[in-house]
Structure formats: C-alpha cells, structure tokens
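Below: the structure, in structure tokens.
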Amino acid sequence: MVSRLRRSVLVPSLLVVAALLAACAGPAPVAAPAAGPGFPVTITHAYGTTVVPARPQRIVALGTADVAIAHAVGAPIVGALRNFAGDPNLPYVQPPLPPEVLGIPADPEADLERIAGYRPDLILAVTSPLVLDRQSYDQLAAIAPTVTYGTSLYAASMQDDARQIGRAIGAEAKVEELITAADARVAALRTELPGLSGRTYLFGQARGEVLPMVVGEQNLSTVFMRSLGLRVPEAFVNAPATAALAPGTVGVSYENAGLLDGADALFITFAGSGDRQQFEGNKLVQQLRAVRGGTYVPLTTDQAVALQAPNVVAVDWLIGQLRPTLQKVAAGR
C-alpha cells in the first residue's frame with residue numbers, strides 16, 4: 001500500500017520508514033559528510049527544533065520559496081515540488097531544474113515513498129502546503145531532518161521565511177543578498193511609479209457564486225502590495241477577514257460585486273473552468289472602473305501563486321508581470 005502525506009493517516013513508524021528507504025531503488029547512501037563551518041545548526045520552528053548535523057548534500061524542497069531560494073544560492077536540490085501550473089518549473093527559477101528532480105506533486109496526497117526515494121539529508125518545508133499540522137510534519141521528519149515555518153504557514157514575512165531557509169542550508173549571507181535585491185526592486189518601482197502611492201487594488205478569486213477577496217492586513221499579498229504603495233479600498237479596510245474561504249479573505253457575492261468598484265486595479269484568478277466566463281459576463285462586473293479602464297487583470301496560475309505568497313526570488317518576476325497594469329494605475333488611467 002502506498003503511504004500518503006496527509007493528516008488522515010497514521011504517522012509512519014521509524015521502522016516502516018526505514019524499510020521504505022531500504023527498498024528504494026538506487027545506490028546505497030554515501031557516508032555522512034563532515035559537518036563543515038556553521039554546522040551542526042539547530043533551527044526552531046512551529047513543531048519544535050531540528051538539528052541539521054552537517055551542510056546538506058541532498059535537499060528535498062517542498063514549497064515554492066524553498067525551491068526558489070535553495071536553487072538561487074546553489075544548494076544541492078535532489079527532489080523538489082513540481083509546479084502545477086503547466087511547466088513543472090516555476091517561471092522565476094533559473095536555470096530550470098531537470099525533470100528528474102521535479103518529481104513531487106503539489107498535492108497533500110504526495111507519496112512519502114517518493115520523497116524518501118530521493119534519500120534526502122534535509123527536507124525544506126518552510127513554505128510547503130504539504131505540512132499543515134504536527135502529523136504531516138512528523139511523517140517527513142521520520143525520513144530526514146525537516147525544517148518548516150516559524151509559527152504557521154505564510155505567517156512570517158517573505159524575508160523571514162528566506163532567512164529560515166538560509167539558516168538550514170548554511171547560506172545566510174547569500175540569502176541576505178537575495179533579500180536586499182528584492183527590497184531594492186520594490187524600492188525602485190516606487191521611485192519609478194510614484195503615482196502608485198495611495199492607489200487601491202483588490203486581489204481575489206472567482207469561485208462559483210462567491211468572490212473571495214484577499215484583504216487581511218497581514219496576508220503576504222496584502223503586505224507585498226502595500227510595499228508598492230497600494231492599499232485595499234476603504235470598504236474592505238475593516239472587513240472581517242477570515243480563513244473560511246481562504247486565509248485573510250472576505251467573500252463577496254455577485255449581487256454585491258459593485259463593492260469591487262473601489263479598486264483602481266483588480267487582479268482575479270479563477271477556481272474552475274467556467275469561473276472566468278461567469279465573472280467577465282456578469283453585468284455588475286462589466287461596469288467596474290477597473291474593467292472599463294483596462295486595469296482588470298485575469299491572472300495566470302503562476303501569477304496568482306506568486307502574488308498570494310511572494311518570495312524574495314520571485315519579486316523581480318512578479319513586478320515585471322504586474323508592471324503594465326501598475327503603470328496605468330500610477331498614471332491615473
């Protein structure tokens with residue numbers, strides 16, 4: 001029977017995981033490397049502490065930022081989360097990772113055997129949707145030392161998530177360079193487009209009969225857009241954002257779609273195949289300022305994922321994707 005990474009199954013015993021590792025194809029594990037400068041290192045996270053005994057040589061990365069940051073600093077990734085948006089590689093991960101590395105689906109039903117088969121000496125899950133509770137963490141930690149988020153998924157800033165990854169892989173100085181570059185890119189955009197300051201936006205999804213809008217003050221996308229000078233419309237500032245539909249969201253019905261008119265820019269993604277047609281065909285939506293003024297953007301999945309949970313490697317790419325619309329907003333069009 002295939003073991004799955006999910007909350008509804010029992011945590012595999014160490015004996016079971018050891019048997020899985022022994023059964024995996026491929027050469028026997030190599031001898032453990034010398035610890036190296038800065039190791040061993042102890043990382044504190046939501047589920048306790050993890051000791052990384054030596055500089056990792058075989059990393060499995062299970063979140064978008066985990067993959068992007070570890071790859072950007074040259075860490076040895078042997079297994080990685082596969083992008084579910086078409087191309088298995090994230091668009092801002094360069095050079096692309098080879099297909100054999102991208103063998104882990106972005107799915108909470110990911111096979112534990114598949115992860116174990118990479119024979120990792122470190123599992124990075126700082127931004128991973130595969131680790132949502134103690135049980136899923138323990139399943140991974142039984143395979144290899146596992147480092148995850150500080151308190152909860154996407155609760156920290158993108159900068160602090162990057163630092164957590166940097167500590168685990170022994171690349172703190174290189175990660176700080178990535179953070180500095182991302183912050184400088186944001187600052188440059190604000191200088192280039194001063195008209196963005198004080199303008200409004202909404203980012204959300206068309207999902208059946210409801211439109212979840214991401215407006216939570218501490219949501220990563222809200223923080224990112226605020227760093228560009230943008231804010232949510234006044235009608236949403238004190239709205240009771242919850243996790244009922246998605247973290248930090250407020251649900252808007254189509255009959256109340258006129259509330260979206262407060263946004264100078266409107267960024268929308270779509271849950272199902274018919275949702276875009278329904279959204280764009282709605283009479284109230286068609287009258288929105290952003291729709292009539294050309295600042296409504298139907299997001300691709302890659303764009304939506306990067307905006308929902310920005311990371312320091314993705315910032316330059318994401319700004320490039322949003323820039324044509326941001327230029328219009330800054331110009332008052």
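Being a predicted model, the structure only gives us computed values, none of them experimental.
When the salt bridge (Lys or Arg N to Asp or Glu O under 4.0 Å) test is applied to Arg114, the partners found at least two apart in sequence or on another chain are Asp111. Residues satisfying the side chain to side chain contact (heavy atoms under 4.5 Å, CB included) criterion with Ala309, sequence neighbours excluded, are Tyr154, Leu220.
Within the 3.5 Å criterion, the main-chain N or O of Val210 finds no donor-acceptor partner in the side chain of Ser253. The main-chain N or O of Pro56 is never found under 3.5 Å from a side-chain atom of Asp121 such that the two would form a donor-acceptor pair.
Residues Tyr149 and Tyr137 keep their aromatic ring centres 6.0 Å or farther apart.
Screening residues 275-291 for salt bridge (Lys or Arg N to Asp or Glu O under 4.0 Å) gives Asp264-Arg289, Arg276-Glu280 as the qualifying pairs, with residues at least two apart or on separate chains.
Here the shortest heavy-atom pairing between Val291 and Gln286 reads CG1-O, 3.9 Å. The heavy-atom pair separating Leu140 from Ile123 by the smallest distance is O-CD1, 3.6 Å.
Residues Phe279 and Leu211 form a side-chain contact, since some pair of their non-hydrogen atoms from C-beta on lies under 4.5 Å apart.
Ion pairing of Glu217 with Arg231 is absent here, as no side-chain N (NZ or NE/NH1/NH2) approaches a carboxylate O to less than 4.0 Å. The existence of a salt bridge linking Asp316 and Arg185 is confirmed by a sub-4.0 Å separation between a basic side-chain nitrogen and an acidic carboxylate oxygen.
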Item to complete: Check the pair Tyr201 / Phe236 against ring-ring contact (aromatic ring centres under 6.0 Å, His included), numbers first and verdict last.
Response: CA-CA 10 Å; Tyr201 82 98; Phe236 290 88; over 10 Å; no
